[in-house]
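Beneath this line is the structure, given in C-alpha cells, with notes to follow.
Order of appearance sets the numbers: ligands from 1, and atoms from 1 within every ligand.
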Amino acid sequence: MIREAFEKHFGFAPDAAVRAPGRVNLIGEHTDYNDGFVLPVAIDFQVVMAVRPRAGRQVRLYSANFERESAFSLDNIAPDRHEKWSDYVRGVALYLLEAGFSLGGMDAAIYGDVPIGSGLSSSAALEVAAATAFERLNGFRMDGAQKAKLCQKAENAFVGMNCGIMDQFISCLGQAEHALLIDCRSLGYEQVPLDLGGYRIVIGDTGKRRGLVDSEYNARRKECEEAAAFFAGLYPRVRALRDVTYEQYAKHADSLPSTVRKRAGHVVSENERVLRAVSALREGDLGAFGRLMDESHESLRDLYEVSCPELDVMVELARAVPGVPGSRMTGAGFGGCTVSLVSAESLDHFQKEVAAAYRARTGLEPKFYVCRACDGAGPIE
Ligand code: ADP
Ligand code: MG
C-alpha cells in the first residue's frame with residue numbers, strides 16, 4: 001500500500017521500505033524520570049516509509065495520512081512552520097549529520113496506522129522509521145540504543161517535546177512475543193518473554209484527549225525531586241526515588257508533606273511492581289501480572305492523581321468482564337488509553353460490552369486495538 005502511495009505521489013517506484021512500531025507500556029508509569037523501570041511492548045501498529053535515494057541534497061517527504069508534502073535541503077535543516085509533522089524527520093536528519101553520518105537526498109512516502117495523538121507514540125514511530133530509512137539508503141547501521149537516543153534528541157531538541165527515552169527505545173529494540181524491561185538510569189535493558197497463552201493485549205482509547213499534561217507533569221516532577229532530596233538526606237546513596245526501597249519509604253513517609261508523600265508512595269511502589277511483574281511473566285503467572293496492573297492503576301489514581309473519570313470508568317468496565325486478569329491506564333494520564341489483558345474468547349464480548357457501557361456513562365466513543373508484541377524497526381522485504 002505504501003509503495004503504491006509513493007508511486008502515485010512521485011510518479012516512479014520506490015526501491016526500499018522500512019517500518020517502525022508504536023508501543024504500549026504494560027506497567028511502570030511515571031517511573032522514567034525517577035530513574036526507574038518501565039516495561040513496554042512494541043505493537044503491530046506502525047509507521048511505514050517507502051523511499052528512494054535522489055541525486056543532490058533534497059529530501060522530499062509525503063505523508064499519506066495527511067496528504068501533505070514537505071521538502072528540505074540537507075545543507076540547511078530548519079523546522080517547517082506549516083508542516084510541523086515533517087519536523088520529526090528533519091530533526092532526525094539533522095542529528096544524524098551532526099553525529100557524522102553522511103546522508104544523500106531522498107524521496108519518502110509515509111503512512112502510519114498508529115493512531116495519532118492517542119499516546120501510542122506515533123511520533124517515536126515516525127522518528128525511528130526515518131532514522132531506519134536513512135540507514136537503509138545511506139549504507140550504515142546504528143546500534144538500537146544509539147538510534148533511540150538520537151531520535152529522542154530529535155523530539156526533545158528539534159520538535160521541542162520533552163519526552164523520555166522509552167518510546168524510541170522500544171520502537172528500535174522491541175522483539176516479537178517479548179516485553180522490554182528498561183532501566184531508565186543505566187539504559188540497560190532485558191528482553192522478557194511475553195507468553196500470553198490464551199490472552200491478548202487490548203488497548204482502549206478513551207477518546208478523551210490528554211489535557212493538563214504539561215503543567216501537571218512539571219508539578220509531579222518537582223514533587224518527586226523534593227521527595228528524593230528528603231530521602232537523600234537520610235540515605236546518602238539516594239540520587240532519585242528509584243534508590244528508595246518501600247521499607248525505607250514506609251519508615252519515613254510520615255515526615256513528608258502529604259502530597260509529596262503520596263507521589264513518592266506511587267513511584268517507590270510502582271518500581272517494585274515492575275520488577276514483580278517481570279518475575280510473574282517469567283513464572284507464567286498472568287493472574288499475578290494482572291493484579292499488579294490493577295494495583296498500578298489504583299496507585300496512579302489515588303497517589304499520583306493522574307487518572308481521570310474516563311480512564312477510571314473504562315478500567316472499571318474492563319475488569320467487570322470475565323476473563324480479564326488486569327486493566328490499567330497507560331501513558332501520562334488525564335486521558336489517552338487503557339491497557340488490559342483479555343482472554344481470547346472474551347475479546348468480542350469485551351469490546352461490545354465495554355464500548356456500550358462506556359458510551360452510556362461518558363458520552364464518548366471509545367476505540368479498541370487488539371495487539372501483539374512485535375519486532376522493533378527494520379526494513380520491509
Ligand atoms: P503520539 O506520539 O501519542 O501519537 P504526538 O503528539 O507525540 O502523539 O505525535 C503525533 C504527531 O506525530 C502528529 O501530530 C504528526 O506531527 C506526527 N506523525 C505521526 N504519524 C505521522 C504520519 N503518519 N504522517 C505524518 N506525521 C505523523
Ligand atoms: Mg508522541
Side-chain angles (χ1 to χ4, degrees), residues 1-3 5-6 9 17-25 29 32-33 38 40 42-43 45-51 59-72 79-93 106-133 148 151-172 203-214 217 306 311 329-339 367 369 371 377 380:
M1 180 280 180
I2 189 62
R3 291 174 192 269
F6 181 104
H9 184 75
V18 298
R19 52 168 286 279
R23 64 95 186 95
V24 65
N25 190 22
E29 221 64 74
D32 56 348
Y33 51 87
V38 293
I43 56 178
F45 292 85
Q46 56 192 9
V47 168
V48 292
M49 267 172 94
V51 292
V59 173
R60 298 193 300 179
L61 305 172
Y62 171 69
S63 167
N65 293 80
F66 297 159
E67 299 183 347
R68 303 287 301 180
E69 194 182 76
S70 175
F72 62 96
D80 183 336
R81 252 179 295 137
H82 304 290
E83 306 297 333
K84 193 99 189 74
W85 58 272
S86 74
D87 289 352
Y88 297 88
V89 181
R90 289 164 184 255
V92 167
M106 171 171 87
D107 287 328
I110 301 162
Y111 179 77
D113 65 358
V114 187
I116 291 175
S118 295
L120 304 182
S121 213
S122 66
S123 58
L126 176 56
E127 292 144 18
V128 173
T132 307
C151 289
Q152 183 203 17
K153 187 172 169 194
E155 185 149 348
N156 290 166
F158 196 87
V159 176
M161 175 66 205
N162 182 22
C163 60
I165 187 69
M166 169 171 72
D167 303 356
Q168 292 81 5
F169 225 79
I170 181 68
S171 187
C172 289
I203 297 169
D205 188 340
T206 59
K208 160 101 169 137
R209 286 293 147 253
R210 298 164 287 169
L212 289 171
V213 171
D214 288 352
Y217 180 85
V306 291
L311 286 166
M329 58 160 275
T330 183
F334 302 108
C337 293
T338 67
V339 59
K367 284 207 188 71
Y369 305 96
C371 31
I380 304 173

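Evaluation of the salt bridge (charged side-chain N to carboxylate O under 4.0 Å, His left out) rule for Glu29 yields Arg328 as partners, not counting sequence neighbours. Applying the salt bridge (charged side-chain N to carboxylate O under 4.0 Å, His left out) rule to Lys367 yields no partners; only residues at least two apart in sequence or on another chain are considered. Applying the salt bridge (charged side-chain N to carboxylate O under 4.0 Å, His left out) rule to Asp107 yields the partners Arg54, Arg60; only residues at least two apart in sequence or on another chain are considered.
In this structure, the protein non-hydrogen atom closest to atom 23 (N) of ligand 1 is Asn65 OD1, 2.8 Å. Of the protein's non-hydrogen atoms, the one nearest atom 21 (C) of ligand 1 is Ile116 CD1, 3.8 Å. Here the heavy atom of the protein found nearest to atom 26 (N) of ligand 1 is Trp85 CB, 3.2 Å. When hydrogens are left out, the protein atom nearest atom 7 (O) of ligand 1 is Ser123 OG, 3.1 Å; that is the closest non-hydrogen contact. Counting only heavy atoms of the protein, atom 11 (C) of ligand 1 lies nearest to Tyr88 OH, 3.7 Å.
Taking both residues in full, the closest heavy atoms of Arg23 and Gly119 are given as NH1-O, 2.8 Å, listed atom of the first, atom of the second, then distance. Nearest approach of Ser171 to Ala20, heavy atoms of both residues: OG-CB, 3.7 Å. Summarising the geometry of Ile43 relative to Ile203, their closest heavy-atom pair is CD1-CD1, 4.0 Å, with the distance given to 0.1 Å. Between Gly164 and Gln152, the closest heavy-atom pair is C-NE2, 3.3 Å. Summarising the geometry of Thr330 relative to Thr338, their closest heavy-atom pair is CG2-C, 4.0 Å, with the distance given to 0.1 Å. Nearest heavy atom pair, residue Pro115 against residue Leu120, reads CG-CD1, 3.7 Å.
Taking 4.0 Å as the cut-off, Pro115 counts as a neighbour of ligand 1 on heavy-atom distance.
Under the side chain to side chain donor-acceptor pair (under 3.5 Å) rule, Ser70 has a single partner from His82, Arg90, Glu83, which is Arg90.
Expressed to the nearest 0.5 Å, how far CG of Leu126 lies from OG of Ser63 amounts to 8.0 Å.
In Ser122, the parts holding a heavy atom less than 4.0 Å from any atom of ligand 1 are both the side chain and the backbone. Contacts between Ala124 and ligand 1 below 4.0 angstrom, taking non-hydrogen atoms only, are absent altogether.
Aromatic ring pairs are classed by plane angle as parallel below 30°, tilted from 30° to 60° and perpendicular above 60°; the pair Tyr217 and Tyr33 is perpendicular.
Close contacts between ligand 1 and Leu126 involve ligand atoms 17 (C), 18 (N), 26 (N), 27 (C) [criterion: under 4.0 Å to a heavy atom].
For ligand 1, the polar-atom distance check finds an N/O of Gly119 within less than 3.5 Å of one of the ligand's N/O atoms. Taking only nitrogen or oxygen atoms, main chain and side chain alike, Gly117 reaches within less than 3.5 Å of ligand 1. Considering backbone and side-chain atoms alike, Ser63 places an N or O below 3.5 Å from some N or O of ligand 1.
Only protein N, O or S atoms were considered, and those under 2.8 Å from the Mg ion (ligand 2) are Ser123 OG.
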